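Following: one structure in structure tokens, then a few remarks.
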Amino acid sequence: MTVPSRATTPALLQVDAILSRLTGRQALEEVCRFLRHSFSHYPWVGIYRVAGTDLVLDAWDGPRATEHTRIPIARGICGQAVRENRSVVVDDVRSDPNYLACFLETRAEIVVPIHHEGQVVGEIDIDGTTVRAFDASDRGFLESVAVKLGAAVERSGSELPLG
Ligand code: SME
């Protein structure tokens with residue numbers, strides 16, 4: 001699936017609006033909610049924060065909670081995105097030995113790092129329910145969202161969660 005280019009600019013403006021209106025965990029939760037409800041191929045959206053050697057789930061929106069609220073950076077696709085400091089797109093989680101299972105229906109996953117002062121401070125994690133759910137348009141769009149989250153961290157003068 002894809003993020004149509006006509007949807008990108010309005011969606012990024014919405015993210016700006018959320019981040020200027022809210023701070024802290026509320027801002028992150030609202031960004032997750034907004035992304036999930038704007039794009040039907042984003043059924044579960046989470047934001048993890050880097051905390052020492054772990055990733056900690058700060059905010060999420062989806063039909064169910066995940067048991068993976070703390071993931072060692074050494075593990076999972078979530079950890080891989082931090083270790084390799086890059087966005088990771090997995091077309092079919094069933095053929096990725098790194099994958100930590102959360103939901104039975106997950107088939108694809110995209111994880112996009114959030115940077116602050118040159119360091120990875122967190123990441124956006126989206127689980128999709130179809131093989132190859134995410135393409136380059138998703139990566140480009142979510143990397144722009146991540147830049148906005150990084151800028152909000154900068155403005156708030158703290159680490160994730162903002163505020
Ligand atoms: N699948 C992830 C774990 C987090 S859940 O998808 C919410 C991973 O492999 O790191």
Side-chain angles (χ1 to χ4, degrees), residues 1-3 11 14-15 18-19 22 24-116 119-150 152-153 159-162:
M1 266 162 276
T2 186
V3 175
Q14 268 309 118
V15 171
I18 292 166
L19 295 175
L22 299 171
R25 196 175 300 270
Q26 266 190 318
L28 301 184
E29 282 170 351
E30 190 60 27
V31 169
C32 291
R33 198 158 27 239
F34 169 72
L35 291 174
R36 178 179 173 219
H37 289 280
S38 300
F39 301 102
S40 60
H41 63 303
Y42 294 177
W44 191 93
V45 181
I47 296 177
Y48 285 87
R49 156 174 54 100
V50 172
T53 57
D54 290 344
L55 286 154
V56 174
L57 186 63
D58 261 351
W60 62 277
D61 194 55
R64 275 191 306 287
T66 173
E67 67 188 64
H68 295 297
T69 53
R70 185 175 272 268
I71 302 171
I73 289 170
R75 299 192 60 208
I77 295 163
C78 287
Q80 184 187 355
V82 179
R83 291 196 308 275
E84 299 179 2
N85 189 10
R86 66 176 179 97
S87 301
V88 177
V89 179
V90 176
D91 287 340
D92 187 341
V93 295
R94 293 170 295 185
S95 55
D96 192 322
N98 270 331
Y99 175 66
L100 296 174
C102 275
F103 311 112
L104 271 182
E105 62 272 27
T106 299
R107 289 292 173 272
E109 182 159 0
I110 183 168
V111 183
V112 174
I114 301 166
H115 295 97
H116 175 52
Q119 305 283 336
V120 181
V121 292
E123 61 187 27
I124 303 167
D125 174 27
I126 303 185
D127 284 29
T129 52
T130 55
V131 170
R132 281 185 291 281
F134 310 115
D135 66 13
S137 70
D138 296 285
R139 193 176 68 231
F141 168 64
L142 293 169
E143 285 176 353
S144 298
V145 174
V147 167
K148 292 187 179 299
L149 289 167
V153 172
E159 298 176 343
L160 285 169
L162 323 165

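Numbering of ligands and ligand atoms starts at 1, following listing order. All values reported here derive from a predicted model rather than from experimental measurement.
Taking 4.5 Å as the limit, some side-chain heavy atom of H41 sits within range of a side-chain heavy atom of F134. Residues V121 and H115 are not in side-chain contact: their nearest non-hydrogen atoms beyond the backbone lie 4.5 Å or more apart.
Atom OG of S87 sits about 8.0 Å away from atom CG of L142, to the nearest 0.5 Å.
Aromatic ring pairs are classed by plane angle as parallel below 30°, tilted from 30° to 60° and perpendicular above 60°; the pair F141 and Y42 is parallel.
A donor-acceptor pair is defined here as one N or O able to donate and one able to accept, closer than 3.5 Å; such a pair exists between the side chain of R83 and the backbone of A74.
Near ligand 1, heavy-atom contacts under 4.0 Å come from W44, Y48, T66, I71, G76, I77, C78, Y99, L100, C102, E109, D125, D127.
The local environment of CD in E84 is crowded, with over 12 non-hydrogen atoms from other residues, nucleotides or ligands closer than 6.0 Å.
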